[in-house]
Structure formats: C-alpha cells, structure tokens
Amino acid sequence: MGNNAKGPAKPHNSPTPTEKLDFIRQVVADDVQSGKHPTPVTRFPPEPNGYLHIGHAKALCLNFGIAEEFSGRCHLRMDDTNPAKEDIEYENAIKRDVEWLGFTWGDHFFHASDYYEKLYEFALHLIREGLAYVDSSSPDEIRAARGTLTEPGKATPFRDRSIEENLDLFTRMRAGDFSDGEHVLRAKIDMASPNLNMRDPVIYRIQRLTHYRTGDAWCIYPLYDFAHPLSDALEGITHSLCSLEFENHRPLYDWCVAHCPVPSTPRQIEFARLSLTYTVMSKRKLLQLVKENLVNGWDDPRMPTLSGMRRRGYPAAAIRNFCKTIGMTKFNALTDLALLEHSVREQLNKSARRFMAVLDPLKIVITNWPGDDHVEEMHAVNNPEDPEAGKRPVMLGKEVYIERDDFMEDPPKGFFRMRPGGEVRLRYSYCITCQEVVKDSDGHITELHCTYDPDTLGKNPEGRKVKAAIHWVSAGHAVDAEIRLYDRLFTHETPDSAEGDFKDHLTPDSVKIVPAAKVEPALATVAPSTTVQFERLGYFCADLDHVPGEKPVFNRTVTLKDSWAKAQSRG
RNA sequence: UCCCGGGUGGUCCAAUAGUCAGGAUGCCUGACUCUGAAUCAGGAGGUCACGGUGCAAUUCCGUGCCCGGGUGCCA
C-alpha cells in the first residue's frame, strides 16, 4: 500500500486511497470530504415486476459498494407505483437475490407505496402553489398537445384551471368520483421545453387496480417521475444513482425536489447500464422467454438473472468481481461474456473441489489386473489450489470408464491422449497401454483392452514419457448422474439489434441432457447448489432438482478453457 | 430537423499538456504440469476525423463524423 503521496490523509471513512475511483465515487468522495454529506446514503430501487439480472448486479454493487466503502448506508426500496405489473412474488425474489449477492439493507427496506399519503400531500402542495393542474383531456389529446422533438407543445384547455377547481377535482380523483383515465394530474412546468419530460408531465393517474400492498386503498397512483425523486428526498438519499436513460429526466427530478417541501436534496447521477454479448437484458424480453416457455422459468440456468446464474453455479463473489472489472462509465459499452466467464472460472478455480466424472463413457478392461474383484484405493487431490482441502480415496477396479473423446483410433498429430498401442496415465493412478480395440458388428468401438504398469503409481514410468493424464471412473463404483450441459442462449452477439425478432436467434440446443454420466459415488451426496470441478471438463453445480442420495443432477456452470479443442476447431 | 449524453488496442476499464499511453480479458508463442486447466514468461494490437491555441494536444477549444437516449396516463 505504501504511503499516501496524494495530499492529506483522508477521513477514516474513505475508501482505500490506492483504489482509483470511478466518476461517481469521486463525487461521493468529494461530498464526504467537503462535509456536504459525511454519511452518504444510496438506494437500490427495483420495480417488483420481474427478476433481478446481471445488469442489476452492477447497480447493486455500485450502491451497496459505496455505502460500505464510505461508511454510509444503502436502502432497498421497491418502486411499486404501477400495480398493473407488480407482484409480491417479484419482491420476494428480489430480496432473495440481493441477499445472495452479499448485500444487507438492515432496517432500510422501503416501498414507494409507504409514501403514498405523503406523495398525495406533495401533489396538493403543488396544486396550491399553482404548479400542478388536473387535466381532463384524453390520452390522445394530451399526446397531440405535447408537440414533437422539434416543435413545442401547447396548453390543453385545462391548463389554467383555478387552484380551487384543481383542489376539488384532485381530491375527488382520490375519492373515486371518476373513472379510469377521466382526469390526470399534471405538473405545470413548460410546454415549450426542448426536454419533452418537462412539458407538463403527468404525475398522477386514475387506475382502479388492486395494489399488492395497499390493496384497494387507492385508485390514483403517482408516476415514477414524481414518486421517485420525492421518495429519495424523504429517505434522505444523498446520491441517487441510475442508468443513462434517466438523464433526460434529471431536470424533472430536480424540479420535483425543488418545489415540494422535502427534508433533503438528493443528487441524481447516471451511469451506463450493462450490456452483455449473446444476452438480452430487458425485463420485457426475459419475461417473454419465461411466459412462452422458451426457458424453464426465471431461474433457468441459461437466464442472465441472478437466480439463473445462482442455479447455474456462478458464485456471488464472481459476479461482484465482474462488476468491479467492468467499471463505471457513461459509455454505452457491450461487455464480452468472456469477461464474466473469466471471473467465474477464477473464483471457482480457487474454491471448487475436484472430482472425476465421465460424460460419454468408453469402457476399459485392464487385462492384467490382479483379479476380477480386486480393488485398489487411490488418493486424489481435492483442490490443488488449496492444500487444506486434502485428499480423498478413489477406488480402482478391473474395469473403468474413460471419456470417449480421450481415445482416437487414428488421431491427428498433436493428439496425445489414448490411441491403439499408446500409453496414458489414469489420473491419480496407474499408466495403462491400449492393447486392443473391441468393436461390435457395426464397427462401433465398444471397449478397449489395456494393460497397466504396476510400477507407475506415484511415479513416472522408466524410460518412457507419458504425456496425457486422463480422467476416469471405476465401473464397479461409479454412479449414474444426469448432467445438463448449457450453451449460451443466443447465437447472435447482439440479439436485440439483430435482424428479425430476438427469439429468431435462440440457440437451437442451448441445453443438452446427458442422462447417464458416470461419476464418483461421493457426488451423489453433495448438497444442492454445491459447485465442483469435474476434472478436465469444467465446473458443475448440483442442481436444485438434485436430491442427496438419489440420482445426482448437475448443471454445467462453465467449461474449463480448452486449448486443444480450440486448436482443433481452428483446423 | 431539435434537445441531452458519449467516442482510448477485438472487448471492458485507467492515465497524462511533455519518458516507450497502462491494466484486465480475448488472441498468438513458449516454459512448466499426473487437469491440453491453473501458474509463469514473451508477443501482436489503441487515443474517431479535421482544424485551432500551445515549444508541446490523446488531454484544452471548434467543427465534422459515428453511437446511445428523448414525442407512455411504463420504470
């Protein structure tokens, strides 16, 4: 770390000075240091109308990260202002996902609907100030009067209603005297503003819908542009961080805060949302995939949702680290999926226990084995990255399975696995030599007859170099497992902007089920959600469907890097 | 057409009015290896364009080009 050459020592609640700050943290740091906001308060305000995805993780890491680094706090607030779309199921899923990612909100869990009464009072206040009016125009009329990008809007006939009339009408809107859409409340700002958001935005609409929390207590609901800044201000949020598409709303955000009697003045700062290659991120599209059964629910391991990634086996720490890697800017970036997968492998390499599993078994008979029932106990390293993890016993008998891929009758140059007459190491065990290739009448290889060299356990054979060590499972000890192999959901780098509908670019077989892989028996007893490495194949996570003691079910989290396969596909 | 925001290796992110513009990832090569993994070493690859002000510009200014957002009673 060294000494801090950059100016005076920072207050105790500053982040480590060696970490460079992104443009948002720089603002926060300045506000902390200047004393403007000694205790920064951020918030994560999801709308409970869908599940959280990896893009939300970026916002989560930012908001909760700042709270941690600057000894502030971060509120979790459900932005539940549209009962048409929101549901308690989503709220519960969101809380689960935030906690899983590793963030805690303590007592600071709120809902925009907590503030409905106060928001209503603010609306009355605006009316009394002559800053809001009830517009009885139809949606079409309002739209027509809004103008266009290049032409100013104009007032509707209701813009100059008296304060008394507005008060009366708005009160009756709440009382339920009118039907849906009959009136709206609008902020009175500037119909000629070049920013369309400032052309008298609607801030309340009549909607006879049952809200999942407030039930039928209200028939008018505030809109985001009104509810959000005021909720922030009521909670004493200091830095309200949101994505770029709200940049055009900031003047309105500031207007609401400035014209209502609120206890604080939060500042909105925008950053670029995350886009990932081969992924769609919009909640609307993810909902569509779920609704149309193109995936198996929000937590399908192919989904970019946090629940999907969790089920797939992505560690929370990997996602957090990924968010650190991608940084924070205002640039519309398209992040390579490889960056995420790298974080996942990096994390799992450190923590995942290794096992052996054979997905596509080819039987080997060791012809010179001491006896048909003879069994020897081998000792396999659980995690070479972690000596503490120790070793485990692995049984070896006369017959073992190896991966069919690991044998080639007529291999290309550079292939150094098993071949006729060739010798390979059975990992953690003996070296074996292929003496005979056994085929059925169709010419299909059914098994290999091999001999083993008893003098190769724990040491290299004399005078020969054995290049490959392949994984295996003893036929007499293996258990069958179902393995689900996932591929990316889309074939196109940018399914959103590709020609046609995004669903045209779905990968045809993005999940392949291997019904009867042969795995080490210990894998049958691991707890669901445990992620392990199948040596030489990849990282795999025990699925939620996995019941310890029954037939194991594993999801492939991510493959290991495979430079041989890469070289082959290059041709 | 108008308003707002943005353009640094393939990708993501740093830095600077002046050493060879750094890091990560990806790619290539080699070493090591009982995981063709990991690890280690090396390599290729970049300041959108044009002007302006500076002794000096990727950095400051202007213009152009390109990209994103903006006409919900969605968020």
Novice: Would the base of A75(B) count as contacting H249(A) through its side chain, where contact means a donor and an acceptor less than 3.5 Å apart?
Specialist: yes
Novice: Would you indicate which nucleotide in U35(B), G5(B), C12(B) comes nearest to any side-chain atom of E247(A)?
Specialist: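 That would be G5(B).
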Novice: Checking D200(A) against Y133(A): is there a side-chain donor and acceptor pair closer than 3.5 Å?
Specialist: yes
Novice: Look at all strands and tell whether G458(A) reaches a base, only sugar-phosphate, or nothing, counting heavy atoms closer than 4.0 Å.
Specialist: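 The residue G458(A) makes base contact.
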Novice: Do the rings of H228(A) and Y224(A) sit parallel, tilted or perpendicular, given the 30° and 60° boundaries?
Specialist: parallel
Novice: Consider the side chain of R205(A), meaning its heavy atoms from C-beta on, and name the nucleotide among C13(B), C73(B), G36(B) that approaches it most closely.
Specialist: C73(B)
Novice: Choosing from A38(B), A75(B), U35(B), which nucleotide comes nearest the side chain of K561(A)?
Specialist: A38(B)
Novice: Which nucleotide, G6(B), U35(B), U25(B), lies nearest any side-chain atom of A338(A)?
Specialist: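 Nearest to the side chain of A338(A) among the choices is U25(B).
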Novice: I want to verify a distance call: between A14(B), C12(B), A75(B), whose nearest atom is closest to the T329(A) side chain?
Specialist: A14(B)
Novice: Side chain of L339(A) only, please: which of C12(B), A37(B), U71(B) is the nearest?
Specialist: C12(B)
Novice: How is L244(A) classified with respect to the nucleic acid when contacts are heavy atoms under 4.0 Å: base, sugar-phosphate, or nothing?
Specialist: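 Answer is nothing: L244(A) stays at 4.0 Å or more from every strand.
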Novice: Could you walk me through whether Y115(A) and F122(A) pass ring-ring contact (aromatic ring centres under 6.0 Å, His included), step by step?
Specialist: CA-CA 10 Å; Y115(A) 312 128; F122(A) 287 144; 9.5 Å; no
Novice: Classify the ring geometry of H211(A) against Y116(A): parallel below 30°, tilted from 30° to 60°, perpendicular beyond 60°.
Specialist: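 Ring orientation of H211(A) relative to Y116(A): perpendicular.
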Novice: Closer to the 5' end of RNA chain B via nearest nucleotide, is it D79(A) or N349(A)?
Specialist: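 It is N349(A), whose closest nucleotide lies nearer the 5' terminus.
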Novice: Can you tell me if Y224(A) is stacked onto the base of A75(B), using a 5.5 Å centroid cut-off and an angle below 30°?
Specialist: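 The ring of Y224(A) is not stacked on A75(B).
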Novice: So what is the 5' to 3' dot-bracket string for RNA chain B, if pairs are Watson-Crick or G-U wobble with both distances under 3.5 Å, crossing pairs use [ ] and | means the partner sits on another strand?
Specialist: .((((((..((((....[...)))).(((((.......)))))....(((((..]....))))))))))).....
Novice: The side chain of F331(A) is closest to which nucleotide in this list: G70(B), C13(B), C34(B)?
Specialist: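 Of all the options, the side chain of F331(A) is nearest to C13(B).
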Novice: Which of the following nucleotides, C12(B), U71(B), A75(B), is nearest to the side chain of N82(A)?
Specialist: A75(B)
Novice: Can you sort out the partners of F540(A) under ring-ring contact (aromatic ring centres under 6.0 Å, His included), two or more places apart, ordered by chain and number?
Specialist: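 Listed in chain order: F534(A).
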Novice: For residues D406(A) and R417(A), report the shortest heavy-atom separation together with the two atoms involved.
Specialist: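 Smallest heavy-atom distance, with atoms named: OD1-NE, 3.0 Å.
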Novice: Could you tell me which non-hydrogen atom of P83(A) sits nearest to which non-hydrogen atom of Q207(A), and how far apart they are?
Specialist: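 Minimum heavy-atom contact is CD-NE2, 4.0 Å.
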Novice: Give the nucleotide from the list C28(B), A14(B), U35(B) with an atom nearest to the side chain of D22(A).
Specialist: A14(B)
Novice: Remember a base hit wins even if backbone is also touched, and classify L223(A) as base, sugar-phosphate or nothing at under 4.0 Å, heavy atoms.
Specialist: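 If one applies the 4.0 Å heavy-atom cut-off, L223(A) turns out to touch the sugar-phosphate alone, with no base involved.
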Novice: When you get a sec, tell me which of U11(B), U35(B), G70(B) is the closest nucleotide to the side chain of D336(A)?
Specialist: U11(B)
Novice: Mind checking if F246(A) touches a base, just sugar-phosphate, or nothing, with heavy atoms under 4.0 Å?
Specialist: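 Base, at least one base atom sits under 4.0 Å.
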